*Asks:* 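For reference, the structure I am asking about is given below.
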Amino acid sequence: MPRGAVSAVCLTAALSLALTACSSSSGPAPAAGTPASGGSLVVGVTSDPDTLFPWKATQFTAVNVLQNLYGTLTEFDKDLNVVPGLAESWQPSEDGKKLTLKLRQGVTFADGSAFDSKDVKASLDKIMDEKTAAVARASLASVKSVEAPDASTVVLELTGPDAALPANLATVNMAMLSSDDTEEKLTATPNGTGPFTLGKRVASQSITLTRNDKYWGAEKPKVASVEFRVIPDESSIVSAMQSGNVQLAVFNDPLVAQTAEGGGTITVTKTPQLNYHVLQLNAQHGDLKDVNVRLAIQCAIDRKQVLDTAALGEGEVTGPITAPAFQSDPNKRPCPNRDLAKAAEYLGKAGKPGGVTVKTIVSQGEYATSVNEAQNLKAQLAEAKINLELEVLESGAFVDRWVAADFDAAVALNGGRPDPDGSYGRYFTSKGNLNKVAGYSSPELDELFAQGKATSDQAARKAVYDKVAAELENNAAWIWLFAGYTYTATTANVSGFTPMASGSLQYLRTASVR
């Protein structure tokens, strides 16, 4: 897949870490003046957010909504460089065991209360508390304690240098919450420091965000409101755009994108993604406990056929790590090409020459190609006497089953990140908070992930994560399929929106509607 603007150089820059000081060149940048335009931007989405609590959000729509309501200590810019957010600077100690963050002044939450160090300490402490069940808890595994010596300073005491920490702090799962708020309260009424605040929600129909005129950024959002309008399928979103009822949408299905662009009134921008399509296997379930069964599945799949069938060939076959600076070589996996004889050999080693049945969940609606992927995988694996028993679920039910690890296998689109630790540390380490979902860990992986965080040397980190990828592939922890594109569609009266390789919609804050 062409990587276009997502160069290895800019992603390498994005991974400067707790061994590198960072500060905002301009310091706090309070907004001023009147926004260039008002009006409402309507964004078409295929599913309703399944949660409004940022620490537990995994569904794409929920993440996209929440990242416009909440702020994080660091952020990614359009090139996925790590830049200051609510922390305007950070400085590591010489031994890398302490990270001091200086917070922006004058920042307020949506309810008008002031943001300061006590909110950061409370947020990080709660994320690290296993009882919270925060999905990013493992990203703070190196943090021993959080101190707030004064209102504008936070000190993280670390077990050792953590190369991934600044990038990991930039995700909405690390959103900073008011120390006075509770999960119960925020599930109903979000209270963040982001560019928008919650306006109105109609369950299963729409959620409207309104401009936060007290937003700390250098530029307030240009639109008065953003409405995420739920329209069940991407083709219907195209129709809504053609009739003028929707102004922006992000499609996963290249055929829909071609249809949208073919009308002449909609502009479509194609963006390569760090996200990856994957058949997740739960190695703690049934026949999948046997590595030979998992390897049989790996060898029985022609990934290019899945890509061609489900996504019109728009993308590339991928290994576990999609970030260009650390990208895995899919040709180094066992069975880089489909090999039914090898698949049969592995089933024989597992004592299952007659085949196996794998109960597989599939999300319908969260992304457009899921069912086509699942059906193609089912057809291919049937030739190897492997029966994928498909259960198609609406996105909310899929996420519930997925978080509970209530599946043998899952056809999924997972979000990729610029740093491999953020992508996989929470899944494939023995203490990772999503390890139950991943279903696989090993002492070797624990050690490799620790090594990857401990050094800032780019070549050394690449070598470590190559070994991580090999460990995952050689044990067929999951079956990585392909990385594709998103297709951002806008009507002629929309300008200023920047698509990102991470899939983030954070630049809704710079979009305008004429």
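Bear in mind the structure is a predicted one, so any value in this text is a computation, not a measurement.
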*Asks:* Is a salt bridge present between Lys270 and Glu261, judged by a nitrogen-to-oxygen distance below 4.0 Å?
*Replies:* no
*Asks:* Cut-off 3.5 Å, side chains only: do Gln305 and Thr309 have a donor facing an acceptor?
*Replies:* no
*Asks:* Is a donor on one side and an acceptor on the other found under 3.5 Å between the side chain of Arg338 and the backbone of Gln380?
*Replies:*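 Pair found, side chain donor or acceptor close to backbone of Gln380.
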*Asks:* Can any side-chain N or O of Asn275 pair as donor or acceptor with the backbone N or O of Gly416 at less than 3.5 Å?
*Replies:*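 Judged by distance alone, yes, a pair lies under 3.5 Å.
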*Asks:* Under 3.5 Å, is there a donor-acceptor pair between the side chain of Thr74 and the main chain of Ala170?
*Replies:*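 Yes; at least one donor-acceptor contact below 3.5 Å.
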*Asks:* Is there a donor-acceptor contact under 3.5 Å from the side chain of Asp421 to the main chain of Gly425?
*Replies:*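 Judged by distance alone, no pair lies under 3.5 Å.
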*Asks:* Passes side-chain contact (heavy atoms from CB on, under 4.5 Å), Met174 versus Leu140? Steps please.
*Replies:* CA-CA 10 Å; Met174 290 282 194; Leu140 297 176; 3.4 Å; yes
*Asks:* Within 45° of the six-membered ring axis of Phe449 and under 6.0 Å from that ring's centre, is NZ or CZ of Lys453 located there?
*Replies:* no
*Asks:* If you measure only the distance, is there a donor-acceptor pair under 3.5 Å linking the side chains of Asp419 and Asn168?
*Replies:* no
*Asks:* Ignoring hydrogens and angles, tell me if any N or O in the side chain of Asn435 forms a donor-acceptor pair with the backbone of Tyr427 under 3.5 Å.
*Replies:* yes
*Asks:* Looking only at atom types and distance, does a side-chain atom of Arg303 sit under 3.5 Å from a main-chain N or O of Thr318, one as donor and one as acceptor?
*Replies:*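 No.
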*Asks:* How many angstroms lie between CD1 in Ile321 and CG in Leu472, if you round to the nearest 0.5 Å?
*Replies:*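 It comes to 7.5 Å.
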*Asks:* Check whether Ser430 reaches the backbone of Ser441 with its side chain - one donor and one acceptor, N or O, closer than 3.5 Å.
*Replies:* no
*Asks:* Considering only NZ, NE, NH1 and NH2 on the basic side and carboxylate oxygens on the acidic side, decide whether Lys359 and Asp408 come within less than 4.0 Å.
*Replies:*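 Here Lys359 does not pair with Asp408 in a salt bridge, since their nearest N and O are not under 4.0 Å apart.
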*Asks:* If only atom types and distance count, is the side chain of Gln451 paired as donor or acceptor with the main-chain N or O of Asp446 below 3.5 Å?
*Replies:*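 Between the backbone of Asp446 and the side chain of Gln451 there is no qualifying donor-acceptor contact (under 3.5 Å).
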*Asks:* Will you find, in the side chains of Gln273 and Thr486, an N or O donor that is under 3.5 Å from an N or O acceptor?
*Replies:*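 Per modelled atom types, Gln273 and Thr486 side chains form a pair under 3.5 Å.
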*Asks:* Quick one: does any side-chain atom of Asn433 pair with a main-chain N or O of Ala138 as donor and acceptor, under 3.5 Å?
*Replies:*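 Present.
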*Asks:* Taking the ring centre of each residue, are Trp478 and Phe428 less than 6.0 Å apart?
*Replies:*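 Between Trp478 and Phe428, the centre distance is under 6.0 Å.
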*Asks:* For Ser504, which residues count as a side-chain hydrogen bond (donor to acceptor under 3.5 Å, both in side chains) partner, sequence neighbours excluded?
*Replies:* Gln67
*Asks:* Please enumerate all residues that pass ring-ring contact (aromatic ring centres under 6.0 Å, His included) together with Tyr440, with sequence neighbours excluded.
*Replies:* none
*Asks:* Side chains of Lys56 and Asn173 only: does a donor on one sit below 3.5 Å from an acceptor on the other?
*Replies:*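 No donor-acceptor contact under 3.5 Å links the two side chains.
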*Asks:* Is the closest basic N to carboxylate O distance between Lys349 and Asp290 below 4.0 Å?
*Replies:* no
